[in-house]
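Just so it is clear: chains get the letters A, B, ... in the order the sequence lines come, proteins before strands, and each one is counted from 1.
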Amino acid sequence: MAPFVYSTLIISLGLGTAMTFASTHWYLAWMGIEINTLAIIPLMTQNHNPRAIEATTKYFFAQATASATLLFAAVSNAFLTGGWDILQINHPLTSTLTTLALAMKIGLAPLHSWMPEVMQGLSLLTGLILSTWQKLAPFCLIYQIQPDNPNVFITLGLLSVIVGGWGGFNQVQLRKILAYSSIAHLGWMILILPFSPPLTLLTLFTYLMMTFSLFSSFMLVRTTHINSLSISWAKIPTLTASVPLILLSLGGLPPLTGFLPKWLILQELTKQDLAPIATLAALSSLFSLYFYLRLSYTMTLTMPPNNPAGTLPWRLNPQHNTLPLALTTTTTIFLLPATPTILALFTF
Amino acid sequence: MQLIAKLIKMNLIAKLTFNQALTQMGYRRPGQPREDKPPWWRVKFDFSKGLKGMKRHFTLLKEEFFAQFVGPMGKPIIEHMLEQNQVLWEFRGPHSLQEWTISCDREIGGKSEVYLKVGRNNETCLLYGTLCSDPPKDGETRYSGYCTMRAKQPLASFDRKRYHDWSSFNTLHLRIRGDGRPWMINVIAETYYTHQKDDMYSYFLYTRGGPYWQDVKIPFSKFFLAHRGRVQDDQHELWLDKINAIGFTLGDKADGPFQLEIDFIGVCKDYAHTEDFAYEKYKRNPEV
């Protein structure tokens, strides 16, 4: 893609998210989200192959439907309450409609069907933008909705955790696995939102760090299928040691950073007398842990000292800048001891 | 009731419900008038057939459900990790021919013939027939003379489409015995839009002839995109995660008998082959 066009699209992505962050009016927030959607469409169709075009079309349909629903909810709220302020979405109907529209935007179950197919058709870099940056603007709006009844959020959250774990069970394509992982993590974020919004933010930021480091690792070894992980030890041996830790952090195992949000969410849910929901969420995350462990097993635990699975690929110098990967991997693995500091940062 | 029966007999209901302009079912041979019967006219409604169908579909559904506990797509993960070869179609009896469809230009009024039978000792399949490139005399068709054999789309329970996932592999491996004619191998991948339904990825298969078998290995990077037989400018590599079918076509304009014997069709992973795509991808807006 021409550098001028590419930089325009990247700046538009930033502009859209920034507009949504800075807005108090529903219309401006909606515009920011639309700019985001339209800016990523050409990035998705950079490669002219049918799977990418299919992914772009499905993404556009899902996002356009959600945007239309969101605008309808905002207009209905203005009609019913007389205000366009984002914080004043008080009517139960419009609040629920907005929540569902934003849930479809980010890919929460049961509105998640577009996500795995879309991720499968994209390159790893575009998939990374979709999984991380594109979640920020809708989350900013979800964060500001103050629901009277938390049942919608609990239902969406639980369903997402279960579907995200169950869906990834049967996958061998890494991008689809990451899509289901994203759905599961979003479920955890939404689950705790009515009770402790700062914990949602904390979970979001840890998820962004972990996903960024995993995507970057896969980009570095240029692998999109589970079987090519088994020979990736010959390309960059250091990653063979760090990627399982990133995966286990995504799975929420102590003493890694990923344990922090899950621990605090389960604690908060228990404090809110929602122990059965907490138990169900914790058990459902075992499904996700299973396929993370499967990836770790493929990549690291099957590294043979002799009898490799195939001829070794050439070990070339990495073309990408590895500093962001190094930073995010460090934060993904080693941040748990800094829990009090992080909590102080988020509970403002 | 008598009036309704009369209407049915007079085909009035058929004409009222059947909109000729909207239906696209079936192939209309050029020069022939359009068929005036509704699509459901040809269906045979039978209760026992329905029961057998339900039993088959629910059995398939049960197998699919329990297969995911074995591993992704019913195979253990260790198999996904280590597999380097997989035989997809091997012709070991008459039942293996059920997975294939044959066709030739007889459907459009031509004079070719094609047959498929099991080879000697139930070890192979033999595609044979006669090619005739005389076009049908219908005033429309200018070229003729082809015959083809294509695998049927695999179906899951309740006739849902199932796809072959060849993303662990990068080479097509065939063991064939031909008669020296050049064939075309077509791989049909899953598409999304209606205008892509005739998209096909093709490559040539030159047979050697004689009594000796050929082991043919064609990397998937060599397959080029064609639409209705026309090679496209905007080329891209074949995505192997959703493959519908594979086919063989003969259209070398050499009239006369032909035969192609196939032992097996499989896929393999050649680690020495690192090419992504063999052809230049057409860039309409070059980078400034």
Under 3.5 Å: donor-acceptor pair, side chain of [X], backbone of [Y]:
| X | Y | answer |
| --- | --- | --- |
| A:Ser7 | A:Phe4 | yes |
| A:Thr298 | A:Arg294 | yes |
| A:Thr56 | A:Ala52 | yes |

Would you say the side chains of A:Glu117 and B:Tyr192 form a donor-acceptor pair under 3.5 Å?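 Result is no, nothing qualifies.
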is_close_aromatic(A:Tyr290, A:Tyr297), centroid dist under 6.0 Å: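 For A:Tyr290 and A:Tyr297, the ring centres are not under 6.0 Å apart.
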Let's test your reading of the structure: which of [options] forms the most heavy-atom pairs below 4.5 Å with chain B?
| options | answer |
| --- | --- |
| A:Trp166, A:Phe169, A:Phe291 | A:Trp166 |
| A:Thr57, A:Ile226, A:Asn47, A:Ile53 | A:Thr57 |
| A:Glu54, A:His225, A:Arg51 | A:Arg51 |

Atom group of B:Gln196 that falls short of 4.5 Å from chain A, counting heavy atoms: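 B:Gln196 touches chain A through side-chain heavy atoms alone.
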Contacting region of B:Leu225 [heavy-atom separation from chain A under 4.5 Å]: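 Nothing of B:Leu225, per the 4.5 Å heavy-atom cut-off to chain A.
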Against chain B, label [X] side chain, backbone, both or neither, depending on which of its atoms sit under 4.5 Å from a heavy atom there.
| X | answer |
| --- | --- |
| A:Gln120 | both |
| A:Gln171 | backbone |
| A:Leu229 | neither |

Please find the pair of heavy atoms, one from A:Pro50 and one from B:Tyr201, that lie closest to each other, and give the distance.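 Minimum heavy-atom contact is CG-OH, 3.9 Å.
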So which of B:Trp239, B:Phe69, B:Tyr193 has the largest heavy-atom pair count under 4.5 angstrom toward chain A?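 Winner by heavy-atom pair count: B:Trp239.
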With chain A as the partner, which of B:Asp165, B:Thr191, B:Ile77 has the greatest number of non-hydrogen pairs under 4.5 Å?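 Between B:Asp165, B:Thr191, B:Ile77, the count favours B:Ile77.
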Mind checking whether B:His173 and B:Thr171 have side chains closer than 4.5 Å, heavy atoms only?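 No; the side chains remain at least 4.5 Å from each other.
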